[in-house]
Amino acid sequence: MTPTERLYFDDPFLAHFTGRVLAHGTWSGAPSVVLDRTAFYPEAGGQMADRGALGGLAVRDVQVDDAGVVHHLLELPEGASLPTPGTEVSGDIDRTRRRIHMALHTGQHMLSSALVEVAGAHTVSSRLGETVCTIDVDLDVLDERRVAEAEARVNALIDDDVPIRAFFPTPEELAALPLRRAPKVTDNIRVIHIQGFDVSPCGGTHCTRSGQVGMVRVLGVERYKGKGRVLFSAGGRARSELWQEAAALRALGRSFSCGPLDVPASVERLRRDLTDVREALGAARAKLAEHTAAGLAAQLERSPDARVVAVLEGASPEDLRSVAARLTQRPDAVVLLASRTPEGLSVLITRGSGASFGCGAFLKRAAEAAGGRGGGRPEHAEGRLPAHTDWPALVATLLG
């Protein structure tokens with residue numbers, strides 16, 4: 001089948017076109033429509049496919065096969081059928097999505113070139129995703145300061161609004177071009193030339209001037225599969241993200257009764273206050289555990305088998321552990337504690353270093369008897385039983 005004529009090569013801003021249906025095809029088992037020409041960009045080169053409508057039907061995906069035939073996959077309502085071969089249909093591109101892709105792809109070219117210029121980092125792969133765009137480079141570590149310089153270099157180029165040319169050079173012209181990377185194909189090589197900055201082979205949709213990109217924004221630098229990765233955004237997507245972040249910052253400012261730029265200082269004060277409160281709470285809980293343990297120590301002293309059984313209402317698992325740690329300083333002690341909370345009865349069983357009581361085995365028996373869960377080692381076990389469980393009675397029954 002003849003390769004599909006791709007109208008976006010000549011005009012990336014083309015949003016409406018007409019084409020003739022040549023045939024019905026298939027892509028990954030799904031039926032597709034093949035046209036003589038199309039303005040829909042098929043997924044390729046790390047760039048996502050266009051969306052829109054063809055013959056009044058929603059386009060859910062666009063793909064291209066090895067022969068250069070573009071497959072349009074449509075959403076078919078119940079009872080609808082694909083356009084008949086031989087008929088002429090109109091196509092409408094989702095212009096907002098196309099413009100976002102144009103800015104992202106052009107921004108990726110510029111940022112990749114700037115990373116070479118500033119950091120000596122050559123792009124090995126890139127991906128323009130629905131939410132995150134990435135550039136992977138051939139360095140295992142990227143200096144964030146260098147990446148920031150590259151970002152500034154790109155945005156200065158955007159301000160300069162230089163022309164961008166997309167063309168198919170002759171073999172002689174191609175040989176003379178200072179390509180940033182080698183082409184991935186051998187025939188019909190298309191080149192994107194950002195004046196005075198970058199020359200790269202690419203079949204994607206791009207802006208025609210650098211100013212149309214609007215902005216390029218680096219979102220982060222990380223290490224991925226042993227290589228450096230730059231996360232970035234550009235154009236309308238970057239603006240939308242900035243507006244959302246600004247709105248969140250203003251909302252925080254209102255909560256703290258301060259301006260957006262004063263939010264970091266307010267958060268830092270809140271962090272310090274929280275640290276102080278946590279330290280005070282920790283000290284208070286330690287005193288409470290000490291007081292509780294002192295009271296239970298008397299019970300332990302009176303017990304002929306060095307066991308203490310108690311329910312500490314509302315105590316957290318950490319509180320139970322803290323109390324138990326004090327009681328098991330006595331080597332022969334066996335401590336069986338519980339705490340009634342909205343989630344159920346938290347249970348902790350532990351022993352001193354000189355005791356031989358099987359904590360895990362006992363808790364397993366208790367869980368089976370009461371309908372709860374839990375387990376652990378011979379020296380320590382924790383679990384949870386139903387809230388209505390009478391813990392002292394259950395222990396007494398199981399111990400005979």
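These numbers were taken from a predicted model, which means no experiment stands behind them. Throughout, numbering of the chain's residues begins at 1 and tracks the sequence.
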Please assess Val221 against Leu231 for the test side-chain contact (heavy atoms from CB on, under 4.5 Å), listing each intermediate value before the final yes or no. CA-CA 6 Å; Val221 177; Leu231 293 83; over 6 Å; no

Decide side-chain contact (heavy atoms from CB on, under 4.5 Å) for Val347 and Glu382; before the verdict, give the C-alpha distance in whole Å, the side-chain angles of both, and the deciding distance to 0.1 Å. CA-CA 6 Å; Val347 174; Glu382 295 186 26; over 6 Å; no

Pair Asp319, Ser322 - check side-chain hydrogen bond (donor to acceptor under 3.5 Å, both in side chains), show working. CA-CA 5 Å; Asp319 294 334; Ser322 181; over 6 Å; no

Evaluation steps, side-chain contact (heavy atoms from CB on, under 4.5 Å), between Leu348 and Arg321: CA-CA 7 Å; Leu348 179 148; Arg321 297 184 195 112; 3.5 Å; yes

Could you walk me through whether Leu157 and Asp159 satisfy the side-chain contact (heavy atoms from CB on, under 4.5 Å) test, starting with their C-alpha distance in whole Å, then the side-chain angles of each, then the deciding distance to 0.1 Å, before giving a yes or no? CA-CA 5 Å; Leu157 183 71; Asp159 290 342; over 6 Å; no

If you apply the rule salt bridge (Lys or Arg N to Asp or Glu O under 4.0 Å), what do you find for Arg384 with Glu343, and how did you get there? CA-CA 9 Å; Arg384 179 167 292 167; Glu343 293 76 29; 5.2 Å; no

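Residues Val162 and Phe197 fail the side-chain proximity criterion, which asks for heavy atoms closer than 4.5 Å. In this structure, the side chains of Ile194 and His109 come closer than 4.5 Å at one or more pairs of heavy atoms. His388 is not listed as a side-chain neighbour of Arg340, based on a closest heavy-atom distance of 4.5 Å or more. Residues Leu128 and His105 meet the side-chain proximity criterion, which asks for heavy atoms closer than 4.5 Å. Two residues are said to be in side-chain contact when any heavy atoms from C-beta on lie closer than 4.5 Å; Arg6 and Pro42 meet this criterion. A 4.5 Å side-chain heavy-atom check between Arg99 and Met102 finds at least one atom pair inside the cut-off. At least one side-chain heavy atom of Val132 sits less than 4.5 Å from a side-chain heavy atom of Thr134. Residues Ile189 and Leu174 have side chains in contact (heavy-atom distance under 4.5 Å, counting atoms from C-beta outward).
In this structure, Leu73 and Pro31 approach most closely via the heavy-atom pair CG-O, 4.1 Å. When all heavy atoms are compared, the tightest approach of Ala49 to His101 is O-CE1, 3.7 Å. Nearest approach of Pro85 to Ala23, heavy atoms of both residues: CG-CA, 4.3 Å. In terms of heavy atoms, Glu379 sits closest to Thr350 at O-OG1, 3.2 Å. When every heavy atom of Ala234 is checked against every heavy atom of Val216, the shortest pair comes out as CB-CG2, 4.0 Å. Leu74 and Leu82 get closest at one heavy-atom pair: CD1-CD2, 4.0 Å.
Paired with Val323 under the rule side chain to side chain contact (heavy atoms under 4.5 Å, CB included), one option of Val335, Thr292, Leu288 passes, and it is Thr292. Exactly one of Arg146, Arg180, Arg153 qualifies for a salt bridge (charged side-chain N to carboxylate O under 4.0 Å, His left out) with Glu117. That residue is Arg153.
Side-chain N or O atoms of Arg37 include one that pairs as donor or acceptor with a backbone N or O of Thr18 at under 3.5 Å. Glu151 places a side-chain N or O within 3.5 Å of a backbone atom of Val218 that can act as its donor or acceptor partner. In this structure, the side chain of Arg181 does not engage the main chain of Ser200 through any donor-acceptor pair within 3.5 Å. His24 places a side-chain N or O within donor-acceptor distance of the main-chain N or O of Pro83, the cut-off being under 3.5 Å. Although no hydrogens or angles enter the test, the distance criterion places no donor-acceptor pair under 3.5 Å between the side chain of Thr208 and the main chain of Ile164. Within the 3.5 Å criterion, the main-chain N or O of Val33 finds a donor-acceptor partner in the side chain of His72. Judged purely by atom type and a 3.5 angstrom limit, Asp50 uses its side chain to pair as donor or acceptor with the backbone of Tyr41. Judged by distance alone, with hydrogens and angles left aside, the side-chain atoms of Arg98 form a donor-acceptor pair with the main-chain N or O of Pro12 at under 3.5 Å. Looking at Arg237, its side chain does come within 3.5 Å of a backbone N or O of Glu130 through a donor-acceptor pair. A donor-acceptor pair under 3.5 Å links the side-chain atoms of Thr397 to the main chain of Ala393, judged by distance alone.
Cluster membership for Val118 and Val137, using ILVMFWY side-chain heavy atoms within less than 4.5 angstrom, is not shared. Linking Ile, Leu, Val, Met, Phe, Trp and Tyr residues whenever their side-chain heavy atoms come within less than 4.5 Å places Val230 and Ile158 in a single cluster. Linking Ile, Leu, Val, Met, Phe, Trp and Tyr whenever their side-chain heavy atoms come within less than 4.5 Å puts Leu111 and Leu142 in one cluster. Under the 4.5 Å side-chain heavy-atom criterion for Ile, Leu, Val, Met, Phe, Trp and Tyr, Tyr224 and Val124 are members of distinct hydrophobic clusters. The hydrophobic cluster containing Leu394 also contains Leu399, counting ILVMFWY residues as joined when their side-chain heavy atoms lie under 4.5 angstrom apart, directly or transitively.
Here Arg330 pairs with Asp332 in a salt bridge; the nearest charged N to carboxylate O distance falls below 4.0 Å. Between Lys227 and Asp136 there is no salt bridge, since no side-chain nitrogen of the basic residue lies less than 4.0 Å from a carboxylate oxygen of the acidic one. We find that Glu245 and Arg217 are joined by a salt bridge, their nearest charged nitrogen and carboxylate oxygen being less than 4.0 Å apart. Between Arg271 and Glu268, at least one side-chain N (NZ, or NE/NH1/NH2) sits under 4.0 Å from a carboxylate O, which counts as a salt bridge.
With rounding to the nearest 0.5 angstrom, the CZ atom of Arg20 is 8.0 Å from the OG1 atom of Thr87. Distance OG1/Thr2 to CG/Asp36: 10.0 Å, rounded to 0.5 Å. Note that NZ of Lys364 and CD1 of Ile349 are 13.5 Å apart. Values are rounded to the nearest 0.5 Å. With rounding to the nearest 0.5 angstrom, the CG atom of Leu249 is 11.5 Å from the CG atom of Leu242.
Taking the six-membered ring where the residue is Trp, the centroids of Phe168 and Phe9 are separated by under 6.0 Å.
Between the side chains of Gln47 and Thr205, a donor-acceptor pair is found at a separation under 3.5 Å. Of the N and O atoms on the side chains of Asp138 and His122, not one donor lies less than 3.5 Å from an acceptor on the other residue. For the 3.5 Å distance criterion, the side chains of Gln108 and Ser112 qualify, holding a donor opposite an acceptor. Checking Arg269 against Ser266 by side-chain atom types alone, a donor-acceptor pair falls below 3.5 Å. In the model, Gln195 has no side-chain atom that pairs as donor or acceptor with a side-chain atom of His193 under 3.5 Å. A donor-acceptor contact closer than 3.5 angstrom links the side chains of Asp61 and Gln63.
Annotation: cation-pi geometry not satisfied between Arg351 and Phe357 (NZ/CZ under 6.0 angstrom from ring centroid, within 45° of ring axis). Cation-pi geometry between Arg165 and Phe167 is met: under 6.0 angstrom from the ring centre, within 45 degrees of the axis.
Under the 30°/60° scheme for interplanar angles, the aromatic rings of Phe17 and Phe40 are found to stand perpendicular. Classified by interplanar angle (parallel below 30°, tilted 30° to 60°, perpendicular above 60°), the ring pair Trp27/His71 is tilted.
In the displayed structure, His16 atom NE2 is contacted under 6.0 Å by more than 12 heavy atoms of other residues, nucleotides or ligands.
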